[in-house]
There are 2 protein chains.
Amino acid sequence: MTLVEGGEVLALWLQRLMLRSPLSQQDQDIVRSFPGVIRKVDGTRDIVRLGERTSHVSLVVDGIVARFGQTADGNRQFTAFFIRGDMADLHAAVMPVVSSPLQSTCPTVLYQIDREIIRTAAAQSPSLAKAFWCDCVTESQIGAEWLVSIGRGSALSRIAHLLCELACRYGVMSGERDRFPLLLTQAHIGDAVGLTAVHVNRMIRALRESGSVIAEAGHVTIRDWDLLRRQGGFDPGYLHLNDLDSRSGLHIELELQ
Amino acid sequence: MTLVEGGEVLALWLQRLMLRSPLSQQDQDIVRSFPGVIRKVDGTRDIVRLGERTSHVSLVVDGIVARFGQTADGNRQFTAFFIRGDMADLHAAVMPVVSSPLQSTCPTVLYQIDREIIRTAAAQSPSLAKAFWCDCVTESQIGAEWLVSIGRGSALSRIAHLLCELACRYGVMSGERDRFPLLLTQAHIGDAVGLTAVHVNRMIRALRESGSVIAEAGHVTIRDWDLLRRQGGFDPGYLHLNDLDSRSGLHIELELQ
DNA sequence: CGGTCCGTTGACTCACTTCAACAGTAGTGG
DNA sequence: CCACTACTGTTGAAGTGAGTCAACGGACCG
């Protein structure tokens, strides 16, 4: 039964893996049959804690898992968001001691897979090992893009960039890039882009008034993608969601199904 | 001849790999005999450019290699620094299209290894594949720590954090943590921590006046490690330079040789 | 009905940026 | 040998973007 529940989301993850690294039919079957356990968490809850030794990795079925760090004075900074079909801590398969903890930002469902299963799959199939490695590299590249956005962007630009990224990542699943669920509060957004919740609120209003995007409580509606893209200095190449890696092109049409 | 020149720095890299993932004698011999070509670059030069398809990976023999991104208005943000013994773009072994370019910040020497050599080594030895994977994960965790520092730290704290990190990374080689070469200008530091060069200058003065650290043109001298650590909110656990992973402990003595 | 969380707005403050000037050093060419 | 340029570090003064503090309304919930 857990297998059935995991099947759909394993297929989503597999699809994402294959965008970056080809896999044989046999390898695909191995991934599709990874056994796991469904875990539900409600609202803002710790999923794995700092310093803990994890025994499993967590595939996001629904909701959002956020990785974060904290400063000495208790300020929180998210370093990654994981949505449906993302493996939140694949790196834990090889480095199980948690160096940045995970939290949910809303009611969230996970499909947890024993890390030994991932490890043995990687040990037995070099191309699976490569696919997992690529997944971690892609995540690292997303982190690098966040660094550029936060280090050098204005408040408006940082928020626009985050919304663009989420639009693309949700869009590749739903086929619709201009509307997606926003499972984050304005405080969460602030913790992701290094701003206070108050200023996030002001900038979201500014974005709305500019006509580029409406970011409401439950969902985001993009009115002018090209404007939003320019506001965020966003180029989706780094997400590797396209077969044709399109760093060069400025306006990328997502492959709509 | 190139082999001889690469030998020492390959041993350094190997040592770092083994801190995170054990390797058999045979695997170690494979790494130690990776053939490569020495390449020298002077001052601030592009090493690989955005969008390029790389054919090799670059091990840093001397100097500094910096990975960076750029905003639309031309501002630069470094996302990683690589020093002697670091593999600057191991991820290129599996994802050769450059999503963030590399630059030297000073006269720098590289040992360049064909990416196919890395790929076949990883394909033939699962434990080597795991070691390479771990290296990329560690780099990603360093990036996450930069995000926390830049997103939530004050100007003083960001610079202190960077100096702490460099002290530990150089210290594990030299055996001396309190003095290391500073192969960066104040403008480089600004581009790493998201500040202007002018403000970096002021904060370096503030750090000096606080008695924690003296950051001069060519080298850094740490006067009060514990103070600097607190100023930067720094905990070296994420660097994985110790056998005993010591996230919990607050003052970590580096393993001095 | 009261409590809590989230979003919203205004007034004030301050950390960092911007602009500008200058000194020291190194490299370059006449 | 000395101009000339370029880069780096340094400092001051003024401007501003984002933080801080505070108050309020609405939605949800027990």
Side-chain angles (χ1 to χ4, degrees), chain A residues 42-45 64 71 73-77 103-107 149-163 181-210 213-220 231, chain B residues 42-45 64 71 73-77 103-107 149-163 181-210 213-220 231:
Chain A
D42 53 320
T44 300
R45 280 284 186 293
I64 288 195
T71 57
D73 51 329
N75 273 346
R76 185 176 55 177
Q77 170 72 45
Q103 244 177 24
S104 57
T105 66
C106 61
S149 172
I150 293 177
R152 288 302 183 194
S154 66
L156 196 83
S157 152
R158 297 184 207 181
I159 294 170
H161 185 95
L162 178 62
L163 294 177
L182 185 63
L183 306 175
L184 303 164
T185 64
Q186 294 182 351
H188 288 134
I189 295 175
D191 284 341
V193 298
L195 296 169
T196 58
V198 172
H199 205 57
V200 168
N201 183 284
R202 286 194 248 266
M203 291 302 106
I204 283 179
R205 177 158 63 129
L207 285 169
R208 183 181 356 104
E209 285 170 356
S210 80
V213 65
I214 299 173
E216 289 164 328
H219 61 269
V220 173
Q231 285 170 327
Chain B
D42 53 321
T44 300
R45 279 284 187 293
I64 288 195
T71 57
D73 51 329
N75 273 345
R76 186 176 55 176
Q77 171 72 44
Q103 243 178 24
S104 57
T105 66
C106 61
S149 173
I150 294 176
R152 288 303 182 192
S154 66
L156 195 84
S157 153
R158 296 184 208 180
I159 294 170
H161 189 275
L162 177 63
L163 294 178
L182 186 63
L183 306 177
L184 303 164
T185 64
Q186 294 181 351
H188 288 135
I189 295 175
D191 284 342
V193 298
L195 296 169
T196 58
V198 173
H199 205 57
V200 168
N201 183 285
R202 286 193 245 266
M203 291 303 104
I204 282 179
R205 176 158 64 128
L207 284 170
R208 182 181 356 104
E209 285 169 356
S210 80
V213 64
I214 298 173
E216 288 164 328
H219 61 269
V220 173
Q231 286 170 328

Backbone of His188(A) reached by a side-chain donor or acceptor of Thr185(A) within 3.5 Å: yes

Between the protein and nucleotides 15-18 of chain D, which nitrogen or oxygen pairs come in under 3.5 angstrom?
residue	atom	partner	partner atom	Å
dA18(D)	OP1	Ala155(A)	N	2.9

Side-chain donor or acceptor of Thr44(A) paired with backbone N/O of Gln103(A) under 3.5 Å: no

Summary of protein contacts for nucleotides 3-9 of chain C, nucleotide by nucleotide, where a base hit scores B, a sugar-phosphate-only hit scores S (4.0 Å, heavy atoms): ---SSBB

Length of the line joining Asp73(A):CG and dT20(D):C1', which is rounded to integer Å: 15 Å

Gap separating the CG atom of Asp191(A) from the OG1 atom of Thr105(A), nearest 0.5 angstrom: 11.0 Å

Hey, can you pull the donor-acceptor pairs under 3.5 Å for the side chains in residues 194-201 of chain B, sequence neighbours left out?
residue	atom	partner	partner atom	Å
Thr196(B)	OG1	His199(B)	N	3.3
Asn201(B)	ND2	Gln186(B)	OE1	2.9

Euclidean distance, Arg205(B) CZ relative to Arg202(B) CZ, rounded to 0.5 Å: 8.0 Å

Test item: Arg152(A) side-chain N/O and Arg76(B) main-chain N/O as donor-acceptor pair under 3.5 Å: yes

Partners meeting side-chain contact (heavy atoms from CB on, under 4.5 Å) with Ser157(A) (sequence neighbours left out): Ser154(A)

Inter-axis angle, terminal five-pair segments of the helix from dC1(C)-dG30(D) to dG30(C)-dC1(D) [nearest 10°]: 30°

From Leu207(A) atom CG to Leu163(A) atom CG, the distance as rounded to the nearest 0.5 Å: 7.0 Å

Separation of Leu162(B) CG from Leu184(B) CG (nearest 0.5 Å): 7.0 Å

All side-chain contact (heavy atoms from CB on, under 4.5 Å) counterparts of Ser149(A), not counting sequence neighbours: Arg158(A), His161(A)

